Amino acid sequence: MNTASTLPHLWLPYSQMHTAPFPVEAQATSGSTITLADGRTLIDGIASWWTACHGYNHPSIRRALITQAERMPHVMFGGMVHQPAITLAQRLAARLPGDLERVFFTDSGSVAMEVAAKMAIQYHLNKGHAGRHKLLSFRGGYHGDTLAMMAICDPEEGMHRLFGAALPQQILADLPTTLAHSAALEALLARQGHEIAALIVEPLVQGAGGMLFHTAETLRQLRRLCDSYGILLILDEVFTGFGRTGTFFACEQADITPDIIALSKALTAGTMPLAATVARKTVFEAFLSDNPLHALMHGPTFMANPLACAVANASLDLFDQEPRLEQVRAIHTQMTHELEPCRHLPGVRDVRTLGAIGVVELERLDDPEALKRAFLKEGVWIRPFRRIIYLTPAFTITSDELTHLTGAIKRVLKEHLG
Ligand SMILES: *Cc1c(COP(=O)(O)O)cnc(C)c1O
């Protein structure tokens, strides 16, 4: 078998190039399908890491991109702004809860989270709160691949275990989903709360950690704890933002406002790299002073790229004009119904759904590559990881396409389990 290392020049993510199978080559996309260079067409169950929320090649997204490309593809953002960014910031602020209203643009989820962490640490410095420089995060969490973010990802389950010794020591806890975990978190905060700048969590779903769900009440509890210990609450909605969990932002289901929120993935509907870190008015105000050192010290070269901002605006138009959240509800109902029979297959530990996320969790997954090959044979793009098989389709997927995806999961599991 040809392995990935025989691919000239390219280095693939999270792949042992020596043993990973030679990758398939995508040539074109449309709606919920990907056409490969060898002519096969796959129904996409993942929407390119849950970014392509309106499906691929949506005509109005394409039009926005071309129009902006003809006018101004890019311009630096230092000392200069532009309408696509002004409009997008205003629209994000209007969509977000509470006084989340200051938008800092970057180009990836990891960097948006880096900026969120820097904002939180500097907020306390600017305020003169001494000794608050630690970050508190949770087992099962994933916040990106950069060094500072690796330090707050789940250290055991995560993809970054090897780097442990090279990373800054942060504080890790279990999400307070049980009485024991709540008590442990309370005790930790009583002990170390005064050292903590920010508590960081993916609301409702820990995505890359294995699509682990928790309740809105857990989030409300975290908000209360942050308030009583003077800790900023950072919500990483890089995965959950833009409708994936059934509401436009996941935090709406808990009726809480974080101090800082990070958005990316579906922000441009899977078209361009873009991310946003949005701070509450009170956070922003801590950076206003006569002291130049109180300014936020960050500025990516491609910050607020106009092409990306233009497509993000076009994506928000689609959310305004088309019934995306109803589509998410319909996907949820259909996926719940069609995946439910998997629960009774031998080797299946759990079946769960939330919004347009469907998960079949196995007792164990020894050979994910065999399942990936089986899914390709079924004509679907589904990528099992850890112990889970999951679907995060485009919100525009047709009911027949979705049935094809859930059917493929049932057939492949019947063949490969037990
Ligand atoms: C994907 C993801 C990130 C990292 O985003 P990149 O754009 O890959 O850097 C961070 N947090 C969450 C919750 C994510 O799902």
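Just so you know, these numbers come straight off a predicted model, no measurement behind them. Remember, it's 1-based here, ligands and their atoms both numbered in the order they're listed. Nothing fancy with the numbering, it's 1 onward along the sequence.
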Problem - Side-chain (Glu237) to main-chain (Ala250) donor-acceptor, under 3.5 angstrom - result: yes

**Asked** Met113 near ligand 1, heavy-atom distance under 4.0 Å?
**Response** no

* Quick check: does Ser264 get an N/O under 3.5 Å from an N/O on ligand 1? -> no

**Report entry** Thr353-His332 side chain donor-acceptor pair, cut-off 3.5 Å
**Finding:** yes

- Should Gly144 be counted as touching ligand 1, given the test is an N or O pair under 3.5 Å? no

Quick look: Trp49 vs ligand 1, heavy-atom contacts under 4.0 Å, and the answer is neither

For ligand 1, is there an N or O atom under 3.5 Å from any N or O atom of Lys265?
yes

**Asked** After noting the C-alpha distance and the side-chain angles of Glu338 and Thr403, does the key distance pass the side chain to side chain donor-acceptor pair (under 3.5 Å) rule?
**Response** CA-CA 7 Å; Glu338 293 181 357; Thr403 297; 3.0 Å; yes

Atom 11 (N) of ligand 1 sits nearest the protein heavy atom Asp236 OD2, 2.7 Å

Ser108 heavy atoms within 4.0 Å reach ligand 1 at atoms 7 (O), 9 (O)

Taken to the nearest 0.5 Å, the spacing of Asp236 CG from His143 NE2 works out to 5.5 Å

Review point. Salt bridge check: are Arg223 and Asp259 linked by an N-O gap of less than 4.0 Å?
Key: yes

Counting from 1 in the order shown, the ligand 1 atoms closer than 4.0 Å to a non-hydrogen atom of His143 are 10 (C), 11 (N)

**Report entry** Any donor-acceptor N/O pair, Thr268 side chain to Ala308 backbone, under 3.5 Å
**Finding:** no

| query | Taking NZ, NE, NH1 and NH2 as the nitrogens, is one of them in Glu285 or Lys281 under 4.0 Å from a carboxylate oxygen of the other? | reply | yes

(Q) Under a 3.5 Å distance rule, please check whether Asp99 uses its side chain to pair with a backbone N or O of Arg280 as donor and acceptor. (A) no

heavy-atom search around atom 5 (O) of ligand 1 in the protein gives Gly109 CA, 3.2 Å

### Query
What about Ser110: any of its N or O atoms under 3.5 Å from an N or O on ligand 1?
yes

Within the 4.0 Å heavy-atom cut-off, what Glu202 brings close to ligand 1 is side chain

